[in-house]
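Since we're looking at a predicted model, the values are computed, not measured. Below, each value reflects all heavy atoms present in this structure, side chains not excepted, and no hydrogens, waters or symmetry copies. All chains are named by letter (A, B, ...) in the order of the sequence lines, taking the proteins before the strands, and each is independently numbered beginning at 1.
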2 protein chains.
Amino acid sequence: MPTTALHNDVLDAVGRSITSGDVPAGAVLTLETIGSEHGVSRTVAREVMRLLEGLGLVRSRRRVGIVVLPMEDWNVLDARVIRWRLGGPGRDAQLRTLTELRHAVEPLAAAGAALHASDEVRAELVDLAARMRVLGVRGDLEDFLALDIRMHELLLRASGNEMFAALSGVVAEVLAGRTHLGLMPPSPAAEALDQHEAVARAVASGDAPAAETAMSAIVGEVRRALPDRPDEEAS
Amino acid sequence: MPTTALHNDVLDAVGRSITSGDVPAGAVLTLETIGSEHGVSRTVAREVMRLLEGLGLVRSRRRVGIVVLPMEDWNVLDARVIRWRLGGPGRDAQLRTLTELRHAVEPLAAAGAALHASDEVRAELVDLAARMRVLGVRGDLEDFLALDIRMHELLLRASGNEMFAALSGVVAEVLAGRTHLGLMPPSPAAEALDQHEAVARAVASGDAPAAETAMSAIVGEVRRALPDRPDEEAS
DNA sequence: ATGCCTCATTGGTAACACCTTTGGCAACCC
DNA sequence: GGGTTGCCAAAGGTGTTACCAATGAGGCAT
């Protein structure tokens, strides 16, 4: 809860209604309707609108109102937009594109971590991988998830690239969404546990290429486990 | 020019002063100072502050004011933040991290384009690569840049992943920054021209792995050409 | 068609009341 | 005396209302 509840509530409500497609592109809102719809004054409706404009969801034009923009204009990399879309009807497609993004970024981030991580981080990664194995074989999905998130976050933050680090929240949300949506097997695949340990070992020993390939295997596996896109070649 | 000039001017000014480190983390502003500093009312100062808050640059707290946040909290993937940082003193480091991001994303995007691009896009890519060779050997950097940007933008947009597509503006800015900052040889390397043609051919023929490796070569080459990282924080 | 007018709606300002938090100050207890 | 507690006042964001300016879409008249 960064700011006050008021703005966030209205922002969330309007943002969700747009990203869900409930209010389609081309639709026109006015400050008046936004305000009265949510019981706030025109001033805060304007601030909310500014935020939405900053996210590329709408564009305000004089005399006409606040027009909803098509998806091409959205800041789809923004954490709020991602969260809204993950909560809406496009959830599956969103998970797919995010997983592809992970596939692009996380291997390189792991390689970077192998080069730049502090000794503390290297040690924690090894520890995390070991504990993940324990929880994994036990089938304790919820606690496993927490460690999984922690591990990926650590790697991204230690990558030496703040662009990658900025994606750690997104990755966390993808991981959480995956297990809470029942897209995980009852107990993580042994291969996944192996690969997590491989990444931790590679980072700990500063072997960037090994970290990259191991991480690539992790994400690639997940990607394959996801519902295939309609027109993609059947694997 | 998304919104009105007024907001953008103030937003740019304050955003730049923060991202440049001119106003350090922990510094405290007030709506009053922002407003009077830039000759605007408190209301628009508040809207600007909300935007900055949305970008993770500041956080407003009652009774204390608007505190500048450390870089870890910034939305470094936002186009505005990137633009500000590219114009500031951290430009070189920013170019490095962005190039790493390109290295992560563009090969996968090219592979995606090989699978999903329309026939028109495939044809345009081949045409672009051919014209790039002509301009490249001629040493016409400015026109070459335009085609280069167009080609990368096309690939990202055709990748079938809106996350990748959302990065096309960023890539364009990196490419432009690179040539305008004199980081390009007087005439593009022959190998780069070859690889661009290879990408175009691979996408045209639907060969995703070839497109991926060729694009990886393009970005990897650029990455190597960049000044090696100067041990992070050397002022 | 062309040009002008109207008016809805955003852009921007000002003044106000409210609420939260901070920091000081004093009282109080050990 | 020193530290804890409690109260108070001011600072500054939060939210509202009222008001006017600018603008551009659509209609109307020529």
Side-chain angles (χ1 to χ4, degrees), chain A residues 1-18 23-70 73-75 80, chain B residues 1-18 23-70 73-75 80:
Chain A
M1 348 268 108
T3 67
T4 63
L6 220 187
H7 280 97
N8 272 342
D9 285 357
V10 183
L11 181 65
D12 262 40
V14 183
R16 238 181 276 274
S17 72
I18 293 177
V23 178
V28 175
L29 314 172
T30 71
L31 293 176
E32 187 54 37
T33 59
I34 292 179
S36 64
E37 197 97 354
H38 300 85
V40 293
S41 68
R42 201 167 150 265
T43 308
V44 4
R46 258 170 59 177
E47 289 174 13
V48 168
M49 184 275 295
R50 284 266 188 281
L51 265 308
L52 293 171
E53 197 172 38
L55 296 177
L57 295 196
V58 303
R59 167 111 179 213
S60 96
R61 290 167 55 199
R62 281 184 156 155
R63 161 70 203 190
V64 42
I66 297 150
V67 290
V68 177
L69 295 176
D73 292 321
W74 298 356
N75 266 4
R80 277 162 302 194
Chain B
M1 351 270 126
T3 69
T4 63
L6 219 186
H7 281 96
N8 270 341
D9 285 356
V10 183
L11 181 66
D12 262 41
V14 183
R16 237 182 277 275
S17 72
I18 293 177
V23 179
V28 174
L29 314 173
T30 71
L31 291 176
E32 186 55 37
T33 59
I34 292 178
S36 64
E37 196 97 353
H38 300 86
V40 293
S41 68
R42 275 176 50 113
T43 309
V44 4
R46 260 172 57 178
E47 289 174 10
V48 167
M49 182 273 293
R50 284 264 187 280
L51 266 309
L52 292 172
E53 197 172 38
L55 296 176
L57 295 196
V58 303
R59 167 116 176 209
S60 97
R61 288 168 54 199
R62 281 189 159 161
R63 161 67 204 187
V64 41
I66 298 150
V67 291
V68 178
L69 295 176
D73 292 322
W74 298 354
N75 265 3
R80 276 161 304 194

Point to revise | Stepwise side chain to side chain contact (heavy atoms under 4.5 Å, CB included) test for A:V68 and A:L57 | key: CA-CA 6 Å; A:V68 177; A:L57 295 196; over 6 Å; no
**Study point:** Criterion side chain to side chain contact (heavy atoms under 4.5 Å, CB included) on B:L51 and B:R80, from CA distance to verdict
**Key:** CA-CA 11 Å; B:L51 266 309; B:R80 276 161 304 194; 4.0 Å; yes
Exercise for review: Kindly determine whether A:L29 and A:M49 satisfy side chain to side chain contact (heavy atoms under 4.5 Å, CB included), including the steps that lead there.
Suggested key: CA-CA 10 Å; A:L29 314 172; A:M49 184 275 295; over 6 Å; no
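In terms of phosphate contacts, A:S60 brings no side-chain nitrogen or oxygen within less than 4.0 Å of OP1 or OP2 of C:dT9. For A:R50 and C:dG12, the shortest distance from a side-chain N or O to OP1 or OP2 is below 4.0 Å.
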Study note, to complete from the structure: Whether each nucleotide of nucleotides 22-27 of chain D has a protein heavy atom under 4.0 Å at its base (B), only at its sugar-phosphate (S) or at neither (-) is summarised, 5' to 3', as BSBS--
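A salt bridge between B:R50 and B:E53 is present, with a side-chain N of the basic residue lying under 4.0 Å from a carboxylate O of the acidic one.
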Measure all distances between protein nitrogen or oxygen atoms and nitrogen or oxygen atoms of nucleotides 3-5 of chain C, and list the pairs falling under 3.5 Å.
none

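Partner B:V58 forms a side-chain contact (heavy atoms from CB on, under 4.5 Å) with one of B:V28, B:V23, B:I18 and no other, that one being B:I18. Screening A:I66, A:I34, A:L11, A:L69 for a side-chain contact (heavy atoms from CB on, under 4.5 Å) involving A:L52 leaves a single residue, A:L11.
Here D:dG13 presents its C1' atom at 12 Å from CD1 of B:I34, a figure rounded to the nearest Å. Note: CG (B:L52) to C1' (D:dG13) measures 15 Å, nearest angstrom. With rounding to whole Å, A:M49 atom CE is found 7 Å from C:dT10 atom C1'. Rounded to whole Å, atom P of C:dT13 lies 9 Å from atom CZ of A:R46. Atom CD of A:E53 and atom P of C:dT10 are 12 Å apart (whole Å). The CG atom of A:D9 sits 15 Å away from the P atom of D:dT14 (whole-angstrom rounding). If you take CZ of A:R42 and P of C:dA8, they are 14 Å apart, rounded to a whole angstrom. In this structure, B:I66 atom CD1 and D:dG12 atom C1' are separated by 9 Å, rounded to whole Å.
A:D12 meets the salt bridge (Lys or Arg N to Asp or Glu O under 4.0 Å) test with A:R16; sequence neighbours excluded. The salt bridge (Lys or Arg N to Asp or Glu O under 4.0 Å) test applied to A:D9 returns no partner, not counting sequence neighbours.
Listed by residue number, the members of residues 25-33 of chain B with any heavy atom below 4.0 angstrom from DNA chain C form an empty set.
Evaluation of the side-chain hydrogen bond (donor to acceptor under 3.5 Å, both in side chains) test over residues 36-45 of chain B, restricted to residues two or more places apart or in two chains, returns none.
Here the closest heavy-atom approach between residue A:R46 and residue A:L31 is recorded as CG-CD1, 3.1 Å.
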